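Each remark here refers to the structure printed beneath this line.
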Amino acid sequence: MKMSEMFFTTLRETPSEAEIPSHQLMLRAGLMRKLASGIYNYLPLGKRVLKKVEEIVREEMDKTGAQEILASALLPAELWRETGRWDVFGPEMFKLKDRNEREFCLGPTHEEIFTDIVRNEIKSYKQLPFNLYQIQTKYRDEKRPRFGVMRSREFIMKDAYSFDKDWDGLDVSYKKMYDAYCAIFDRCGLKYWVVDADTGAMGGKDSNEFMVQSDVGEAEVAYCDECGYAANVEKAPCVNRPIHIDEAEKEIKKVSTPDVKTVDELVHFFNVTAERFVKTLIYLIDDKVVAVMLRGDREVNVTKLQNLFKASDVQMADRNTVENATGAEVGFAGPIDINVDALVVDDEVANMKNFIIGANETGYHYENVNYGRDFKADIVADIRNIEVGDACPKCGRPVSIARGIEVGHIFKLGTKYSEAMDATYLDENGQEQPIIMGCYGIGINRTVAAIIEQHHDDKGIIWPMSVTPYHVIIVVASNYQPEQIQAAQSIHDELTSRGIEVLLDDRDERAGVKFNDADLIGIPMRITVGKKISGGMVEFKRRDKADSMDVPISDIVNKVIDEISRELK
RNA sequence: CGGGAUGUAGCGCAGCUUGGUAGCGCGCAUGGUUCGGGACCAUGAGGUCGCAGGUUCAAAUCCUGUCAUCCCGACCA
C-alpha cells in the first residue's frame, strides 16, 4: 500500500479529550475518530487491526469446534420479556419501536437469541453438545462511556454459547473455552490474569474473567505471586484471623463523644488505631433496611452484600432512614437496640475483642464491646473487600492488588436461560430436560486498546506482529531520488508477492516526518531506503529496538520473512 | 444519577475579569529554497465564538436556559 494514496492522517498533538495512552494513540495514529460519546468510526488502519484480532479469535474458536453464526443486532422485545431482562437491563438497553409500535432493542448481549435459535432446532440429546459463536456489534447505553474504546456504547464482541446435556458436559465445554481464551490472549501479546469472578446478574455457577494487567483498568484484581491465585476484588474471599484474641474481655462502658462522628475523628478522640473501631453502616437492600458492621478501616463489598441477600439493588441509606433506624444523628450508629430488618456482621468483627461502636444515641459510643456478649447479628458473613496484605484465600500468603482491563469473561450459566425460555431436549429415557448452557465473551475493540496499553512508548504504538495493521513499512528517505523510489517500490512488490503486508511511505515529506509517523502507527519493522542504496544497502530497524542494521537489498526480503515467521511461529 | 470542568478554524490554545471590526501555533493550499528524526521564506484559504433567549446603541465577552464533551464517584452480562 502506498501511503501517498492511503486514507490516513496522524495528529501531531494529543486531542484534549483523550486521557489514557490507548485512547490518545488510537486517535493520533489515525486508527479511529469519534462520532459521539462512546461511539467511534474506524479508519483503514484501525479496521485492519480489528480484523487481525477477530481472525485470531475466529481461528481459536474454530479449533475448539465452535461454529460461527451471525444473529441480528436488532432484537424483538418478546424474547427479553421471557427472561425478565427487558426490565433488568433497563436504560442500559437501546430500545426502539417499529412503525407498528412493536418494541425492539439493539442487542446488548445475545443469551436470549441464541437460546431461542437452539430451542427451535434441538429436540434430542443426540444433537448435543455444541457451541455457537458470532463476532458482532453490541449496543449498551452506558451511563458513563469512558477512555475511548475501553468502555463504549457500541462495540464488537465475540460471544459464544455452549449447549450441553449435563453439567459434566458443561465443564468440558467451559474448559475448552478457557483454554482457547488463553491461546487468544497469548497470541495478542498480552499479559493477563485469569481471575475468579462474580457471576453477577448473568446468573450461573463458575465464572472467570481475563484481566489484562494495566493501571488504567477499571477492575481491581487481588493476586498472589506465590501460588498464582487471582480474583476480582469484588469476588475474592477474605480469610480472617482472630484479632486481640489474647485480651481478656473488659466491661462495656458508655462514653460521651460529643461531635465525634467519623472514624477519623474517633481515632483522634480515643487515640487508638482504626482497627479498634467497628463501624455500623446502614444500607437499603431492595426494600430492606440493613445494618452492616465491619472494622473501622475496612470497606464494604457491595457485591458480596448483594449476593448474600440475592438482591437486585444495594445502596447506602439516606439520612432519614439512618436516623429512623438508630434514633440518633448520623455518625453514632451501633448494633445495640438498632431498629433494622437485618443486622449483618463481617466475620472479622466476630473475631475482635474490646472494640468501640456507636451507641445509637447522639454524642455517645460504647467501648470494650464484644461480639456475642453484647450483641448478636442475624447474619455473620464475609462482606468486606480484600486488602493488600490480607491472606491469600488459597495459600495464606499476603496478596497484592493491581488493576486490570476485563477483555474476556466466561460463565457457566447452567439452566438460567434454558428454563426461563423452555429450551429443552429429550434424554435417553425420553424425559424432557433443560439444556445446560455456558456463555463466553471477548471485547474485540477493548482487546485492541488493551494491547496498546501494554505495547507503546512515548513515540507511539508498538504492535505485536500478530495484530499489526502492516508487518513492515518502507520509508523512502529522499523522495526526489528516483533511485530510492525505484528500489523501495521493488522491495514493496517483492514482499507483497510473498504475502507480506507492506506500507510504502512514498509521501512527499521529509524523512523525519516519515520516521515519526512510522513510530506513531507502530509498524513492527521498518526498512529505510536512503543514500546507501547506491552501495546496494538498505537499513532495517525494529520498532521495539533502538538500533538499526544495514542489510544488502538482496537479503532484505528474507530478513523480513524470517522475522515474521520467528514471531508468528 | 451526584460532584467537577470545558465548548472560539481540522488539532492544540489565547481573547472573556473591564462589552466596541476574532487572534496565535501546528496542519492545509500555491510558489520558491531545502531534504536521514515533526525544515525555512513568501502568499493564501478556512470560524454565524456549541445552541436558544435576554440585557445593551453594541455581546466570544454580562445574564438565563439548553445541548454536547471530558474527568471523579455511583453503576455496569
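Proteins get letters first, then strands, A, B, ... in listed order; numbering begins at 1 in each. Because the structure is a prediction, the values reported are computed rather than measured.
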query = Donor-acceptor pair under 3.5 Å: do we get one between A:E13's side chain and the base of B:rG27?
reply = no
Under 3.5 Å, is there an N or O donor on one side and an acceptor on the other linking the side chain of A:Q481 and the base of B:rG36? no
Notebook entry, point to check: So does A:R507 get a side-chain nitrogen or oxygen closer than 4.0 Å to the phosphate oxygens (OP1/OP2) of B:rC35?
Noted result: no
In whole angstroms, the gap separating P of B:rG36 from CE of A:M537 amounts to 19 Å
By nearest-nucleotide position on RNA chain B, the 5'-leaning member of A:T303 and A:P15 is A:P15
To the nearest angstrom, the NZ-P distance between A:K143 and B:rC71 comes to 17 Å
| field | Donor-acceptor pair under 3.5 Å, A:R146 side chain vs B:rC70 base | value | no
Phosphate oxygens OP1/OP2 of B:rC35: is one of them under 4.0 Å from a side-chain N or O of A:S478? no
Side-chain atoms of A:F147 come closest, of B:rG37, B:rC71, B:rC13, to B:rC71
(request) Taking only Lys NZ, Arg NE, NH1 and NH2, and the carboxylate oxygens of Asp or Glu, determine whether A:R298 and A:E387 approach each other closer than 4.0 Å. (result) yes
Salt-bridge present (A:D179, A:K176; N to O < 4.0 Å):
no
Taking B:rC72, B:rG36, B:rC35 as options, the one with an atom nearest any side-chain atom of A:R144 is B:rC72
If pairing means Watson-Crick or G-U wobble with both distances under 3.5 Å, then the partner of B:rA39 is B:rU33
Ranking A:A18 and A:E234 by the position along RNA chain B of their nearest nucleotide, the one closer to 5' is A:A18
- [ ] Using a cut-off of strictly less than 4.0 Å, decide whether A:T14 has a side-chain nitrogen or oxygen near OP1 or OP2 of B:rC11.
- [x] no
Of A:Y161, A:Y440, A:Y133, the one forming a ring pair (Phe, Tyr, Trp, His ring centres under 6.0 Å) with A:F114 is A:Y161
Side-chain N,O (A:R510) to OP1/OP2 (B:rC40) below 4.0 Å = no
Notebook entry, point to check: Within the structure, does a side-chain N or O atom of A:T9 lie under 4.0 Å from either OP1 or OP2 of B:rG27?
Noted result: no
Check your understanding: Can you find an N or O donor on one side and an acceptor on the other, under 3.5 Å apart, linking the side chain of A:R28 with the base of B:rG38?
Key -> yes
(Q) Side-chain N or O of A:R12 versus OP1/OP2 of B:rG25: is the shortest distance under 4.0 Å? (A) no
